[in-house]
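For reference, the structure is listed below as structure tokens.
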Amino acid sequence: MPTVLSPAAPPSTAPLHEVIDERIGVALQAKGIAPAARASDAEFLRRIYLDLTGSIPTLGQAQAFLDDKSPVKRQQLVDRLLNSPEYARQTQRVFDVTLMERRPAKHVPQAQWEEYLRTSFAANKPWDVLVREIVAADGADANLRPAARFYLDRDGEPNLLARDVGRLFLGRDMQCAQCHDHPLVENYLQADYYGLLAFFNRSFVFTPKTEPKAVVFAEKAEGDVAFKSVFVDGAADQPARPHLPGEKEIDEPQFEKGQEYAVAPADGVRPVPQYSRRSQLPVLLPRGDNVAFRRNIANRLWALMIGRGLVHPLDMHHAGNPPSHPALLDLLGERIAAMGFDIKAFLRELALSETYQRSSELPPGVEALPPDSFAVAPLKPLTAEQLALAALQATGITDVQRAALGPALNEAALDEKLAGNIAPFVSIFAGPAAQPEQDFQATLEQTLFLSNGSVLRSWIAPQAGNLADRLNRINEAPAVAEHIYLCVLSRRPAAEEVVELTTFLQARAHDRPAAIQGWIWGLLASDEFRFNH
Amino acid sequence: MMGATVGGGLAHVSGLSNLIQPAVAEELAARQKRVLIFFLAGGVSQLESWDPKPNTDTGGPFRAIPTSVPGIHISELLPLTAQQMHRLNLVRGVNTAEDDHGKGAVFMETGRRDSPAQRYPALGSVVSRLVAPPTMALPGYVHIQPGGGGVNKADAAFLGPKFASITIGNGQPPAYLLRPGDLTPAADQQRNDVRLKANQRFTARRRTAETEAYSASYEQARQLVERADVFDVTKEPPQDQERYGSHDFGRHCLLARRLLEQGLTCVKVTHTNYDSHSENFDFHIEQLGEFDRPFATLIDDLAQRGMLDSTLVVVMSEFGRTPNINHLFGRDHWSKAWSVALAGCGMQKGAVIGKTNDNGTAVVDREVDARNLFHTYLRALGVDSTANYPGLNRPIPIGDPAGDAIQELLA
């Protein structure tokens with residue numbers, strides 16, 4: 001079934017962020033919802049750093065931004081961060097988890113895959129180009145071998161690839177349509193599932209005898225898929241040829257028996273068919289006129305920044321689960337395609353919107369607001385990596401490493417120094433491998449790790465140049481408060497927080513260093529630290 | 001009504017408060033169901049355990065002995081277990097058609113055939129999600145095994161890591177359970193007060209289910225730290241430690257009893273290694289010789305304490321072993337006709353369901369597979385296994401719709 005577009009929006013020359021706010025605003029008015037106030041500078045500062053760089057600002061960065069009087073300082077900060085090397089690394093992490101779901105590396109080393117993603121985002125490679133590289137890759141071309149990880153580290157399993165290509169690039173999780181038409185989703189047809197499967201059913205992971213490590217994704221010239229519903233007794237097999245969901249089956253060239261191969265299969269020989277089914281996918285999938293493809297990425301980037309998709313869950317685009325703002329999603333899809341799938345430019349528009357820049361605090365007297373109204377910024381739990389990096393920055397361990405690197409300091413060198421500290425957080429805070437990201441859960445292991453684990457305790461304990469050490473050298477309690485709140489929570493303390501901390505330290509003057517460490521832990525373990533707000 | 005609604009309702013309440021009225025807590029405890037899984041890793045031989053075929057070409061050297069249920073015989077390698085037969089049920093017609101260790105384990109534990117495109121949660125994680133009280137300080141699913149500890153997130157699949165198994169490696173308590181030596185309880189309390197004060201301010205106008213869940217995890221951790229000795233089996237009376245045996249499996253079974261008595265919902269005990277491709281008979285003398293006493297003792301203790309009626313006990317492997325005896329006196333992987341034992345939780349007692357032929361090479365009556373067993377476990381626990389999981393953002397049935405429960409086991 002072809003996707004039906006909502007009535008075309010009137011052409012607008014306004015910047016996209018203004019159009020977003022206009023559309024969201026109209027819907028809010030229609031529902032009579034008064035949105036939350038604009039985020040404070042401090043709220044915005046922490047949020048944009050976490051979203052675009054994966055960590056919180058340093059003390060100096062926080063002070064500089066909060067003290068900046070320029071009316072365009074938010075826009076300037078967005079531009080600076082988008083052009084920072086930290087942006088490329090953070091976006092690499094986001095798309096690594098999105099595309100590979102923390103599978104262990106098997107045929108392509110994790111480091112090579114990460115470097116491929118990082119350099120792609122550093123160069124601002126358009127999304128359609130990136131996806132084309134990934135779905136075209138077979139692992140034989142050394143330059144693009146990392147891109148083949150998507151296929152190879154899923155062992156080329158056709159059902160898994162059909163499901164994940166549907167979910168990740170088209171926003172449709174058609175798993176339930178494997179055995180029958182989806183019982184609850186009328187658009188997800190078994191024929192569409194098998195149409196996607198047919199791109200892959202002839203493909204297999206081939207291991208060359210001479211180089212067992214240089215596996216490639218190969219393809220045969222024969223093999224068809226057919227399906228029947230498990231719900232219909234005695235149903236006849238229905239053949240399926242490759243097609244994207246809702247589109248027509250591809251016409252395929254026919255070859256005479258014996259002519260199907262450019263390189264015929266033989267023992268130890270990688271076969272090459274005259275006609276490759278799989279090679280049709282990079283032609284058909286990553287296109288600006290592929291509505292599902294462009295909407296999927298627009299929705300995913302929206303969710304990344306704004307905390308929830310216009311379609312939610314992200315891989316359930318179907319008629320029974322319509323977007324909260326259909327015309328806006330249409331427009332975002334059209335715009336990102338028209339922008340040449342420029343990820344940075346699109347993220348910039350989202351970041352500049354008032355919708356993104358709302359406070360996470362509900363208006364006074366309001367108990368709750370519908371999450372799909374985007375009237376208030378949602379709390380986004382920090383990812384495992386964000387949590388580790390933010391804790392490293394907050395406790396001053398990152399500062400210590402910066403100082404140690406001296407003139408050799410750059411983003412890559414610092415990342416290498418910190419990587420070992422991120423690993424334990426990933427093992428404890430990341431979801432199960434090969435599962436999509438879950439809704440937020442707080443596990444016992446995580447909380448015990450933060451409470452009793454030696455990792456965080458060692459960061460909090462004083463060592464030359466870290467937060468505790470610096471605080472131990474500050475005498476005046478208000479100055480201690482200013483320093484600790486800026487470092488840990490990226491904001492200045494409220495007056496009553498200064499009073500509380502002063503009282504706390506006075507009462508524990510005999511053991512001031514322990515008291516300071518207790519205060520640092522209390523803030524690190526707080527909701528305000530755990531969530532991007 | 002499905003049992004899950006108990007958990008669902010409470011989860012809603014716990015969003016507002018961790019405190020349950022004492023009367024409610026008591027009622028819950030009375031209704032509280034528990035699960036005890038024995039996983040005999042490698043694949044126990046049904047012929048040397050639950051379905052002996054003495055004096056046949058496949059039967060091997062061991063005799064079949066009478067049990068506490070007239071007419072039911074099991075292998076002589078399980079003499080003490082035989083005396084518990086009136087509390088156990090045998091399913092002798094299991095055909096899982098999966099001879100790979102990994103895939104066999106996935107099928108048995110999740111009730112779904114292993115599929116690359118979708119992993120389903122293991123029984124213990126399902127129980128942790130649907131049966132365990134959401135407000136309990138103790139983890140919902142603990143796995144005791146020889147070797148290392150940790151958290152197996154894959155067990156929980158789409159239910160999320162909160163419902164993963166926490167593995168007690170060789171009796172060691174879970175990681176980070178113990179407060180560091182240089183942190184006094186008073187200092188711990190003080191830093192916790194700082195956290196609470198900060199949260200109070202932050203959530204005044206930002207309270208969400210996520211902040212509630214995060215706060216609750218600190219309260220749960222605090223309570224568990226106070227009860228750290230729940231995991232300390234040496235706190236059990238010396239005479240019990242003697243009854244269970246001083247070897248690892250004996251201590252692990254006693255720890256399982258301790259955890260279940262303290263209110264933990266699902267405990268899995270792994271006993272290895274039954275993968276006897278050679279010297280099958282010596283292997284089983286040794287392994288089942290170790291298994292028999294602690295297992296029978298634990299069944300007896302649960303019954304004596306009145307806990308067996310509310311505790312589902314399952315003894316499973318990834319598959320059974322070939323009737324054919326190979327040239328190394330071993331038996332190989334065999335999933336076509338093997339047995340699972342189960343007990344408790346209001347099920348039948350002393351029943352045998354299904355039958356294999358004379359030399360055990362095929363199921364001849366009431367063939368079942370892991371899907372039927374999985375539905376049966378959940379039905380025994382009061383969960384409607386044909387319903388969808390609650391609280392997911394997509395419809396996923398709890399049990400495989402292609403299977404159903406073994407009705408005649410359910411009382």
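Because only heavy atoms are used, hydrogens play no part in the values below, and waters and symmetry mates are left out as well, while side chains stay in. Per chain, numbering begins at 1; letters A, B, ... match sequence-line order.
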Item to check | A:Leu161, part contacting chain B, at a heavy-atom distance under 4.5 Å | outcome: neither
Next on the checklist: Is there a side-chain contact between A:Leu448 and B:Val225 in this structure, where contact means two heavy atoms from C-beta onward sitting under 4.5 Å apart?
Outcome noted: yes
Checklist entry - Quick one: what part of A:Glu445 sits under 4.5 Å from any heavy atom of chain B, side chain, backbone, both or neither? => result both
Next on the checklist: Between B:Glu210 and A:Leu379, is there a side-chain heavy-atom distance shorter than 4.5 Å?
Outcome noted: no
Checklist entry - Do B:Ser215 and A:Asp527 have side chains that get closer than 4.5 Å, going by heavy atoms? => result yes
Checklist entry - Is B:Leu177 close to A:Asn452 at the side-chain level, that is, under 4.5 Å between some pair of heavy atoms? => result no
Item to check | Side chain proximity check, B:Pro180 to A:Ser454, heavy atoms < 4.5 angstrom | outcome: no
Checklist entry - Considering residues, nucleotides and ligands other than A:Glu496, do more than 12 of their heavy atoms fall under 6.0 Å from its CD? => result yes
Checklist entry - Side chain, backbone, both or neither: which part of B:Asp182 has an atom under 4.5 Å from a heavy atom of chain A? => result both
Next on the checklist: Is A:Arg457 close to chain B through its backbone or its side chain, or both, or neither, when contacts mean heavy atoms under 4.5 Å?
Outcome noted: side chain
Checklist entry - For chain B, which of A:Leu160, A:Leu444, A:Asp439 has the most heavy-atom pairs under 4.5 Å? => result A:Leu444
Next on the checklist: In the structure I gave you, are the side-chain heavy atoms of A:Thr447 and B:Tyr176 within less than 4.5 Å of one another anywhere?
Outcome noted: no
Checklist entry - Can you say whether A:Pro364 sits under 4.5 Å from chain B via the side chain, the backbone, both, or neither, judging by heavy atoms? => result both
Checklist entry - Is there a side-chain contact between A:Thr443 and B:Phe163, using heavy atoms and a 4.5 Å cut-off? => result no
Checklist outcome for this item: From the list B:Ala198, B:Pro161, B:Ala137, the residue making the most non-hydrogen contacts under 4.5 Å with chain A is B:Pro161
Item to check | Contact class of A:Trp519 relative to chain B, heavy atoms under 4.5 angstrom | outcome: both
Next on the checklist: The test is side chain to side chain donor-acceptor pair (under 3.5 Å); show your working for A:Ser360 and B:Arg206 and say whether it passes.
Outcome noted: CA-CA 7 Å; A:Ser360 60; B:Arg206 288 190 185 91; 2.6 Å; yes
Item to check | Side chain / backbone / both / neither for B:Pro174 at chain A, heavy atoms under 4.5 Å | outcome: neither
Checklist entry - With a 4.5 angstrom heavy-atom cut-off, which part of B:Leu178 approaches chain A: side chain, backbone, both or neither? => result backbone
Next on the checklist: Heavy-atom cut-off 4.5 Å, strictly under: side chain, backbone, both or neither for A:Phe531 against chain B?
Outcome noted: side chain
Checklist entry - For the candidates B:Pro139, B:Ala157, B:Ala204, B:Ala213, which exhibits the highest count of non-hydrogen atom pairs separated by less than 4.5 Å from chain A? => result B:Ala157
Item to check | Heavy-atom pair count under 4.5 Å with chain A, highest-scoring of B:Arg222, B:Lys197, B:Arg394, B:Arg119 | outcome: B:Arg394
Checklist entry - Hey, are the side chains of B:Tyr218 and A:Ser451 touching, using non-hydrogen atoms and a 4.5 Å cut-off? => result yes
Checklist outcome for this item: Distance col, row B:Leu159:CG vs A:Gln435:CD, nearest 0.5 angstrom, shows 9.0 Å
Checklist entry - Out of A:Ala525, A:Ala430, A:Pro363, which one racks up the most heavy-atom pairs below 4.5 Å with chain B? => result A:Ala525
Item to check | Proximity breakdown for B:Thr203 and chain A, heavy-atom pairs closer than 4.5 Å | outcome: side chain
Item to check | Nearest non-hydrogen partners of A:Arg163 and B:Ala117, listed with the distance | outcome: NH1-O, 2.6 Å
Item to check | Structural part of A:Gln517 lying under 4.5 Å from a heavy atom of chain B | outcome: neither
Checklist entry - Which distance, rounded to the nearest 0.5 Å, do you find between the OH of B:Tyr214 and the CD of A:Gln441? => result 14.5 Å
Checklist outcome for this item: If you tally heavy-atom pairs under 4.5 Å between each of A:Phe529, A:Phe429, A:Phe440, A:Trp521 and chain B, the highest tally belongs to A:Trp521
Checklist outcome for this item: Scored by heavy-atom pairs under 4.5 Å with chain A, the best of B:Ala221, B:Ala175, B:Gly160 is B:Gly160
Item to check | From A:Asp315 atom CG to B:Asn393 atom CG, the distance as rounded to the nearest 0.5 Å | outcome: 7.5 Å
Item to check | Given A:Glu361, A:Glu528, A:Glu497, the one that forms salt bridge (charged side-chain N to carboxylate O under 4.0 Å, His left out) with B:Arg201 | outcome: A:Glu497
Checklist entry - Do A:Arg508 and B:Gln190 have a side chain donor and acceptor closer than 3.5 Å? => result yes
